Q: 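What follows is a single structure, and I will ask about it in a moment.
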Amino acid sequence: MTEPASTIVILTGAGISKESGLDTFRDNDGIWAKVRIEDVATPEAYIRNPTRVQEFYNARRAGLKEPNVVPNPAHDALARLEKDWPGEVLLVTQNIDDLHERAGSHNLIHMHGELLKVRCEYCDALMQWEDDLSTTTPCPHCGRKGGLRPHVVWFGEMPLGMDKIYESLDTCRLFVSIGTSGNVYPAAGFVQHVRYRGLAHSVELNLEPSQGATLFSEAIYGPATEIVPAFVERILKDGIPAP
Ligand code: APR
């Protein structure tokens with residue numbers, strides 16, 4: 001086993017929120033089966049038709065506030081790991097929902113942004129936002145209209161928090177990927193980055209093998225609400241396996 005105060009880096013994707021009632025992207029019933037990325041999730045789409053893009057995120061923001069959409073046992077288990085593990089646990093999520101926060105995770109990076117935040121393109125104000133947004137909503141800070149956009153990283157834009165993420169990937173002893181298909185970089189490349197260093201045990205927890213499945217030291221397949229709590233229990237009891 002490695003020393004007890006080791007750093008753990010966890011990457012989550014849409015699969016961890018599926019059992020909370022939120023759609024994934026690439027499953028057969030996923031978001032990209034219903035709407036094209038090029039129409040709603042690129043800077044070009046926003047310039048071409050801002051109302052279409054705002055409406056797409058308004059619907060997802062409203063969906064996130066549905067009473068039945070709550071953290072599930074997988075989110076809860078990761079919050080417990082952060083609380084009970086003696087070393088640092090950095091949770092990097094590709095998700096823009098707030099279920100990790102609501103479960104109690106704090107050391108968290110939303111590398112693709114947050115659905116419940118908006119930013120003003122005129123004054124750069126970043127603010128919590130739970131309601132609909134339109135192309136004429138005035139910015140509460142600078143008062144100008146038409147500058148508020150979802151604080152979400154679109155395809156072709158730079159993900160957030162990358163310096164801290166790579167710093168932690170360089171020092172971690174355990175890298176865990178949960179509920180992601182491994183289709184989108186740079187997140188899909190994190191396991192390779194850890195593997196090159198040869199100092200960490202890497203585990204994939206998913207419903208089925210991801211694109212990068214063969215790169216992991218270990219893989220556990222099944223619904224997140226079952227396999228994640230059991231995995232956290234094991235790590236807290238037995239520690240991290242040597243790489
Ligand atoms: N438990 C565990 N895993 C699940 C579950 C579940 N209940 N349901 C689905 N999965 C798995 C699927 O098998 C799939 O491998 O979750 C993964 C979801 O993959 P995607 O839909 O591609 O979502 P994600 O990997 O998070 O997408 C990454 O792509 O579109 C962009 O910005 C978007 O952040 C997103 C990024």
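Computed from a predicted structure; not experimentally measured. Start at 1 and go down the list; that is how both ligands and their atoms are numbered.
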Q: Take atom CG in Asn68; do more than 12 heavy atoms of anything else shown fall under 6.0 Å from it?
A: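 Yes, CG of Asn68 has more than 12 neighbouring heavy atoms, counting only those of other groups under 6.0 Å.
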
Q: With respect to Ala14, determine whether any N or O atom, backbone or side chain, lies less than 3.5 Å from an N or O atom of ligand 1.
A: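 So ligand 1 has an N or O lying under 3.5 Å from an N or O of Ala14.
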
Q: Give a yes or no on whether the backbone of Gly179 and the side-chain of Asn206 come within a donor-acceptor separation of less than 3.5 Å.
A: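 Flag set: sc Asn206 to bb Gly179 pair under 3.5 Å.
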
Q: Can you tell me how far the NE2 atom of His75 sits from the CD atom of Glu19, to the nearest 0.5 Å?
A: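 These two atoms lie 9.5 Å from each other.
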
Q: Note the single closest protein heavy atom to atom 6 (C) of ligand 1, along with its residue, its atom name and the distance in Å.
A: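 Minimum-distance protein heavy atom for atom 6 (C) of ligand 1 reads Gly15 O, 3.5 Å.
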
Q: Closer than 4.0 angstrom, basic N to acidic O: yes or no for Arg80 and Asp84?
A: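 Yes, Arg80 and Asp84 are salt-bridged.
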
Q: Does the plane of the ring in His193 sit parallel, tilted or perpendicular to the ring in Tyr166? Use 30° and 60° as the thresholds.
A: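 Tilted, since the angle between the ring planes falls between 30° and 60°.
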
Q: Should the pair Phe216 and Phe175 be assigned to parallel (<30°), tilted (30 to 60°) or perpendicular (>60°) ring geometry?
A: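 It falls in the parallel class, under 30°.
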
Q: With salt bridge (charged side-chain N to carboxylate O under 4.0 Å, His left out) as the rule and sequence neighbours excluded, what pairs involving residues 198-215 come up?
A: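 Found none.
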
Q: Does an N or O anywhere in Phe25 fall below 3.5 Å from an N or O of ligand 1?
A: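 Min N/O separation from ligand 1 is below 3.5 Å for Phe25.
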
Q: Considering distance alone, does some N or O of Arg26 sit under 3.5 Å from an N or O of ligand 1?
A: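 There is such a contact, yes.
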
Q: Which atoms of ligand 1 sit under 4.0 Å from any heavy atom of Thr180?
A: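 That gives atoms 15 (O), 17 (C), 24 (P), 25 (O) of ligand 1.
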
Q: Should one rank Glu226, Glu19, Gln94, Gln211 by closest heavy-atom distance to atom 28 (C) of ligand 1, which comes out on top?
A: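 Nearest heavy atom to atom 28 (C) of ligand 1 lies in Gln94.
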
Q: Name the option, out of Asn72, Leu207, Thr225, Asn206, that contains the heavy atom nearest to atom 14 (C) of ligand 1.
A: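 Of the listed residues, Asn206 has the closest heavy atom.
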
Q: With the threshold set at 4.0 Å, does a side-chain nitrogen-carboxylate oxygen contact exist between Glu44 and Arg52?
A: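 Result for this pair is no, no salt bridge flagged.
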
Q: Within a distance under 4.0 Å of any heavy atom of Ala224, pick out the atoms of ligand 1 and give their elements.
A: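 Ligand 1 atoms under the 4.0 Å threshold to Ala224: 1 (N), 2 (C), 6 (C).
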
Q: Which heavy atom in Lys34 sits nearest to a heavy atom in Asp29, and how many Å separate them?
A: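 Shortest heavy-atom separation between Lys34 and Asp29 comes out as NZ-O, 2.9 Å.
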
Q: Restricting to non-hydrogen atoms, name the atom on Asp39 and the atom on Val53 that form the minimum distance, rounded to 0.1 Å.
A: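 Smallest interatomic distance, heavy atoms only, reads O-CG2, 3.8 Å.
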
Q: Just distances here: any N/O of Lys18 and N/O of ligand 1 closer than 3.5 Å?
A: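 Min N/O separation from ligand 1 is not below 3.5 Å for Lys18.
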
Q: Considering distance alone, does some N or O of Phe155 sit under 3.5 Å from an N or O of ligand 1?
A: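 No.
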
Q: Report, in ascending order of atom number, the atoms of ligand 1 lying under 4.0 Å from any heavy atom of Glu208.
A: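 Every atom of ligand 1 under 4.0 Å from some heavy atom of Glu208: 13 (O).
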
Q: Who's the nearest protein heavy-atom neighbour of atom 9 (C) of ligand 1, and how far?
A: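 Going by distance alone, atom 9 (C) of ligand 1 is nearest to Asp27 OD2, 3.3 Å.
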
Q: Within the 4.0 Å heavy-atom shell around Gly179, which atoms of ligand 1 are there?
A: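 Ligand 1 atoms under the 4.0 Å threshold to Gly179: 3 (N), 16 (O), 17 (C), 18 (C).
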
Q: Please list, in number order, the atoms of ligand 1 under 4.0 Å from a heavy atom of Pro223.
A: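 The atoms of ligand 1 under 4.0 Å from a heavy atom of Pro223 are 1 (N).
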
Q: Do NZ/NE/NH1/NH2 and the carboxylate oxygens of Glu66 and Arg60 come within less than 4.0 Å?
A: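 Here Glu66 does not pair with Arg60 in a salt bridge, since their nearest N and O are not under 4.0 Å apart.
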
Q: Could you list the atoms of ligand 1 found under 4.0 angstrom from a heavy atom of Gly13?
A: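 This gives 26 (O) as the contact atoms.
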
Q: Quick one: which of His110, Glu204, Met111, His112 has a heavy atom closest to atom 32 (O) of ligand 1?
A: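 Looking at heavy atoms only, His112 sits closest to atom 32 (O) of ligand 1.
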
Q: Relative to the heavy atoms of Trp32, which atoms of ligand 1 are at a distance of less than 4.0 Å?
A: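 Near Trp32, the atoms of ligand 1 are 30 (O).
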
